[in-house]
Amino acid sequence: MKLHWSPRSPFVRKVMIVLHEKGLVDRVELVRSVVVLAAPANPDVLVDNPLGKIPALVPDEGPALFDSRVICEYLDGIAPEPAMIPADFDGRIRCLRWQALADGLTDILVLWRNEVAGGDYANPKICGSYETKALATVARLDAEVPDLAATPFGLGHAAAVCALGQLDFRYGGSGWREAHPALARWYDEMGSRPSVAATAIEDDGAAIMGDVEMPLRFGRAS
Ligand SMILES: N[C@@H](CCC(=O)N[C@@H](CS)C(=O)NCC(=O)O)C(=O)O
C-alpha cells in the first residue's frame, strides 16, 4: 500500500495512529506529499485523490481511498484487531460522533490558518465563526472527558488526540490547557500510548506558508 503522507498533517496522523495500533506500518510505503490549499494542487496527489488532499491511500488492489475516515474504516476492515470502531451499534455511533467532533475541529484549525495566511484577504466574519466554533468544540471535548476516559481507545480518541495536537502545533499560546485542565490531563495520558507517541506532529521544513500568528485565545471574553 502507498500513503500520501506528511509529518505535519493531523489527518494523516490519525491514519498513522490506526496503522500503529494494528501493526500495519511496515505494510505501507509513505510518500511525502506536500499540499497547500492556497497553492496549485500537487499533481501526484491529484492522480490518486482528485480533491488534492492528504491522506490518500493506494491499496494493493482497488481504487485509491480518501478521506481519512474512509481510510481508517478500510484499515479496520482489513485488520480487525484491535478494533478502532466498535462493532456494537451504540459504541460505533459514540466513536464516530467523537471522530466527527474532533475532525470538525481539526478542519477549522487547518482552514482558519489558511484564511489568516491570506492577510488582507482574510474574511473577519469567517475567522470569527471559526473562533466561536473552536472554543465551543474544545469545551465540548472537555465536558466529555469522563466518557472518553471510560471508553476503550478507538478512532474517536485518535481523532481527538490529532485535533488537540494541531492546537499545540499551530496555535501555541492559545491557553487551551489552562482553560480546560481535565482535557489537558486526558490528552497527556493519551501521549504515553505508543501509537500516539510515535506519530507526534513534526515540521520537516517543507513549509510554504511560513509562520502564521494565530489569534485563538482561550479564557477571554469573545
Ligand atoms: N476530510 C479530509 C481532510 C483532509 C485535509 O484537509 N488535509 C489537508 C492537509 S492536513 C490537505 O490536504 N489540504 C490541502 C488542500 O485542502 O488542498 C480527511 O479527513 O482526510
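Predicted, not measured: the structure shown is a model, and the values here were computed from it. Both backbone and side-chain heavy atoms feed into the values below; hydrogens, waters and symmetry mates do not. Just follow the structure's listing: the first ligand is 1, and inside any ligand the first atom is 1.
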Evaluate the criterion salt bridge (charged side-chain N to carboxylate O under 4.0 Å, His left out) for residue pair Arg193 and Glu21; output intermediate values, then yes/no. CA-CA 10 Å; Arg193 201 174 175 88; Glu21 290 287 335; 2.7 Å; yes
Test item: side-chain donor near acceptor, Ser129 and Lys125, under 3.5 Å: no
Minimum side-chain heavy-atom gap Thr137-Leu101 below 4.5 Å: yes
Examine [X] against ligand 1 and note whether any of their N/O atoms are separated by less than 3.5 Å.
X	answer
Ser68	yes
Asp107	no
Lys53	yes

Quick check against the 3.5 Å criterion: does Tyr171 have a side-chain atom that pairs as donor or acceptor with the backbone of Leu109? yes
Just need the protein heavy atom nearest to [atom], so name the residue and atom and give the distance.
atom	result
atom 8 (C) of ligand 1	Ile54 O, 3.8 Å
atom 10 (S) of ligand 1	Ser9 OG, 3.2 Å
atom 11 (C) of ligand 1	Val35 CG2, 3.8 Å

Quick check on contacts: which atoms of ligand 1 are under 4.0 angstrom from a heavy atom of [X]?
X	result
Pro10	10 (S)
Pro55	20 (O)
Asp67	1 (N), 2 (C), 18 (C), 19 (O), 20 (O)

Evaluate whether atom NZ of Lys2 has more than 12 neighbouring non-hydrogen atoms of other residues, nucleotides or ligands under 6.0 angstrom away. yes
Residues Arg113, Glu213: salt bridge by 4.0 Å N-O rule: no
Indicate the ring-plane relationship of Trp112 and Tyr130, choosing parallel, tilted or perpendicular according to the 30° and 60° boundaries. tilted
